[in-house]
Amino acid sequence: MTRTHCPYCSLQCGMTLVSTSSTTGAGSTTGAGSTTGVGSTTGAGSTTTRRAAGLEVQPWAEFPVNEGGLCRKGWTATELRGHRERLTTPMVRDRATGEIRAAGWDEALDLVAGRIKELRTASGPDSIAVFGGGGLTNEKAYQLGKLARVALGTSQIDYNGRWCMASAASAGNQAFGIDRGLPFPLADVEQADVVVLVGSNLAETMPPAARHFDRLRGRGGKLVVIDPRLTTTAQRADLFLQPVPGTDLALALGALHLVDAAGAVDEEYVATRTHGWDDVRRSVASWWPERVERVTGVATSELRALVDLLTSSRKVVILTARGAEQHSQGTATVLGWINVALALGLPGTPYAGYGCLTGQGNGQGGREHGQKADQLPGYRMIDDPAAREHVARVWGVAPETLPGRGRSAYELLESLGDGGGPRALLVFGSNIVVSAPNAHRITRRLESLDLLVVCDLVMSETAALADVVLPVTQWAEETGTLTNLEGRVVLRQKAAEPPKGVRSDLEVIAGLAERLVSTPSTGSGTDGPTFSTDPEEVFAELGRASAGGKADYSAISYDRIREEQGVFWGSPRMFTESFATPDGRARFVVAEHTGPAESTDEAFPVHLTTGRVLAQYQSGAQTRRIRSLPDDGPFVELHPMLADRIGVRDGEPVVVRTRRGELTAPAKVVTTIRPDTVFVPFHWVGANRLTNDALDPSSRMPEFKVCAASLGLATSSPSGSDYSTTDRAAGLTA
Ligand SMILES: Nc1nc2c(c(=O)[nH]1)N[C@H]1C(S)=C(S)[C@@H](COP(=O)(O)OP(=O)(O)OC[C@H]3O[C@@H](n4cnc5c(=O)[nH]c(N)nc54)[C@H](O)[C@@H]3O)O[C@H]1N2
Ligand SMILES: Nc1nc2c(c(=O)[nH]1)N[C@H]1C(S)=C(S)[C@@H](COP(=O)(O)OP(=O)(O)OC[C@H]3O[C@@H](n4cnc5c(=O)[nH]c(N)nc54)[C@H](O)[C@@H]3O)O[C@H]1N2
Ligand code: SF4
Ligand SMILES: [Mo]
């Protein structure tokens, strides 16, 4: 029996994995949450049980975040073990024939290191790029940053978290001097009077978290949801506002205008704990409710109802998620809501404040230990001389050998190959072909590389393009730490042996480093850089490298995490005395509403937004392969009025076009979406052929959540969403 955490989202639900290999085969011994077992690989008629490939998921009732609850993705997570599409051997592509064949580890690693050396000699270290992921453990993220800076010598590293909570991170740094998703434990929301969710569908994206919001309402607290769709989450709300996508900032400005007009600004808090209110006050003066209604489509009465709730309660929590953040003005939007929170005197007071609901399993830790283009471990900045000095000492290299800042995720991918930037890319933990915006263009960039290396568990759509595919262990087969949305560092513990032939990411990184680091010593009196493959050792090194930084992990150990059910870095409740700015005060920052980068017009008259459904995770590389989760392909959610206008009925194929691409998928006709907006989930190839790659100026976050689209009747067959062919082909290649 092993206590560990779900492999997927930032809630990092505690779970127990029980080995079933010693017990008899079929019968399920536990009650609830049954799913189709993968044990029977023959499709139809399989028995229902939660066990698969010798591991069964059971609750871990004492873990405080989810209290034993899991969503269906968590209950079925072990089905990917022993899956027929699991990669178990390195693969190497012959560029002359296009054929991909099995190879030994030494052959594959030698080949990768050899080509990297050639490129490095010919074009310099920045011709090699690295792309990481917010699902990687802290140890992997740390080691990947070190691989780039020390073994490859490249500045060109970034990761998919740039597409996730980067706008909230940027806003948090500007306003509070620190970037931590939730500055308080999630369960604190139960004690609030009012919680406002801006662009979060947490009933589908972190279902076990919903219990905390249900208890809030059980105590008489109020839940407000702001979303262009009346989602499962919004259906539980006491107040629901349904803005046009991309207009949340105008709503925040209007809310602050009314808070001020009502005389509800906490003048003492503003005077003693903040700077900059006067400028912000002036900037919201012209945001009359009528103007807000014209921009957002939210009736003045609804905005007033929101502000009445905010001003009549003391304990208000404002939470943003991707709906508000994934915009070219995402940072400004978050700052707009932080301004509301500061004016009301909330951050740092009990059961109140602002927080961002981080998304990926290690969304928080993944952005703290150096896989970001501008960052060194401990949330240190790479262009800070003191930071370079400290980290270089831990790494056993000279500070001047560390490269500077690289490009942000989208800019990096856009520059690859034909784009004039790096000629080689190493990918760890992201399925770019599905999840990058303007995906056609990015896929062409990947295809133009001299060398694409992908480490993955399965043949993802991105791995299917690679020259070298390296098979790695998955969560149940490895140990490491992740930092959940609250800043709680949790321990993933190994529960089973990996298939033969598979290596951990740490082993892959060490294998490459060994071949690429020329001579150890650098004259700094140490033995030069080393790359441990033992996660606990790497964590201890990460602790030293992060010591004294903003995200300081030096006091955390595996033993402490086991004993304390996770350990928060810093304080569980932040900002009670001061903020992380030099003078301890929070900053009001003026945020101007400019609107989405692309507006609707005659040719593209509707707003397109994208997001998630409960049963699929991210690019779907993992969950589309779990047979007890529905994998029906994308759909186009639209209002009956819009459906009537183009003459499509529920289930019939509809074409969505944008300036970048098109997608055909069945219409899902619902009254819960704004009539001027369509929604497409992004878990399958397709949605991102449509999305806009306009970037936020500060966070470099792409505008996943709004662009202009047109709709039409499809002439070809329905189920023909273009996803299926690519997807199945990728599966077969494996
Ligand atoms: N089932 C499932 N759960 C997941 C994931 C998954 O892939 N599947 N991924 C995890 C990750 S990495 C993340 S980042 C989180 C994301 O979690 P969420 O942010 O909750 O997920 P999304 O569905 O991307 O977006 C949330 C909502 O934003 C709304 N929205 C769209 N445009 C706008 C807008 O302009 N303004 C506002 N206010 N709302 C808008 C959408 O209608 C949607 O309901 O989920 C995590 N959990
Ligand atoms: N249109 C649209 N696009 C979006 C979004 C949206 O809302 N709309 N959301 C964005 C957001 S918030 C996110 S977070 C991204 C996520 O999108 P991706 O970056 O594609 O994330 P995943 O699908 O989780 O990809 C993880 C890949 O790594 C593999 N993997 C899993 N664990 C490990 C590991 O430990 N090591 C290695 N080497 N590989 C591993 C998985 O099999 C999978 O292929 O998508 C973004 N794209
Ligand atoms: S909510 Fe997130 S962490 Fe919890 S079981 Fe579902 S996917 Fe896993
Ligand atoms: Mo995310």
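Remember, it's 1-based here, ligands and their atoms both numbered in the order they're listed.
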How far is [atom] from its nearest protein heavy atom, and which residue and atom name does that atom have?
atom	answer
atom 29 (C) of ligand 1	Asp227 OD2, 3.2 Å
atom 34 (C) of ligand 1	Gly323 O, 3.0 Å
atom 40 (C) of ligand 1	Pro228 CD, 3.2 Å
atom 33 (C) of ligand 2	Leu457 CD2, 4.2 Å
atom 14 (S) of ligand 1	Arg322 NH1, 3.0 Å
atom 21 (O) of ligand 1	Thr205 CG2, 3.4 Å
atom 10 (C) of ligand 1	Gly359 O, 3.5 Å
atom 26 (C) of ligand 1	Gly199 O, 3.4 Å

Trp337 pairs by side-chain contact (heavy atoms from CB on, under 4.5 Å) with which of Leu253, Leu249, Ile226?
Ile226

Which residue, Thr483, Leu485, Thr4, Asn484, forms the side-chain contact (heavy atoms from CB on, under 4.5 Å) with Gln12?
Asn484

Atoms of ligand 2 less than 4.0 Å from [X] heavy atoms?
X	result
Thr691	1 (N)
Cys455	37 (C), 38 (N), 39 (N)
Leu136	34 (C), 35 (O), 36 (N)
Asn160	18 (P), 19 (O), 21 (O)
Asp505	34 (C), 35 (O), 36 (N), 37 (C), 38 (N)
Ser619	20 (O), 22 (P), 23 (O), 25 (O)
Gln360	14 (S)

Of the options Arg492, Arg503, Arg86, which is the one that meets Glu477 in a salt bridge (Lys or Arg N to Asp or Glu O under 4.0 Å)?
Arg86

Contacting atoms of ligand 1, where contact means under 4.0 angstrom from a heavy atom of Gln616:
1 (N), 2 (C), 6 (C), 7 (O), 8 (N)

Please confirm whether Phe682 comes within less than 3.5 Å of ligand 1 when only nitrogen or oxygen atoms on both sides are compared.
no

Does an N or O anywhere in Asn201 fall below 3.5 Å from an N or O of ligand 1?
yes

Would you indicate which of [options] comes nearest to [atom] when only heavy atoms are counted?
atom	options	value
atom 28 (O) of ligand 2	Cys164, Gly429, Ala166	Gly429
atom 35 (O) of ligand 1	Gly246, Pro681, Ala324	Gly246
atom 1 (N) of ligand 2	Asn688, Thr609, Leu690, Asp456	Asn688
atom 25 (O) of ligand 1	Arg229, Lys705, His607	Lys705
atom 24 (O) of ligand 2	Arg624, Gln618, Glu478, Glu325	Gln618

Evaluate the criterion side chain to side chain donor-acceptor pair (under 3.5 Å) for residue pair Asn138 and Asn362; output intermediate values, then yes/no.
CA-CA 7 Å; Asn138 288 313; Asn362 196 25; 3.0 Å; yes

Just so I know, are the side chains of [X] and [Y] near enough to count as touching, which here means a heavy-atom distance under 4.5 Å?
X	Y	answer
Phe682	Arg612	yes
Leu303	Glu293	no
Arg659	Glu598	yes

Name the orientation class of the two ring planes belonging to Phe679 and Phe635 (parallel below 30°, tilted from 30 to 60°, perpendicular beyond 60°).
tilted

Side chain, backbone, both or neither: [X] near ligand 1, heavy atoms under 4.0 Å:
X	answer
Thr231	side chain
Asp248	side chain
Val613	backbone
Cys9	side chain

Check contact between [X] and ligand 2, using heavy atoms of the residue and a distance below 4.0 angstrom.
X	result
Gln474	no
Arg612	yes
Val434	no

Would you kindly specify which portion of Lys140 sits under 4.0 Å from ligand 2, judged on non-hydrogen atoms: side chain, backbone, both or neither?
side chain

Return yes when [X] approaches ligand 1 closer than 4.0 angstrom through a heavy atom, no otherwise.
X	answer
His327	yes
Lys73	yes
Val706	no
Thr233	no

Less than 4.0 angstrom from a charged side-chain N to a carboxylate O is my criterion; do Lys140 and Asp505 meet it?
yes

Check whether the side chains of Gln493 and Thr479 place a donor and an acceptor atom closer than 3.5 Å, and report yes or no.
no

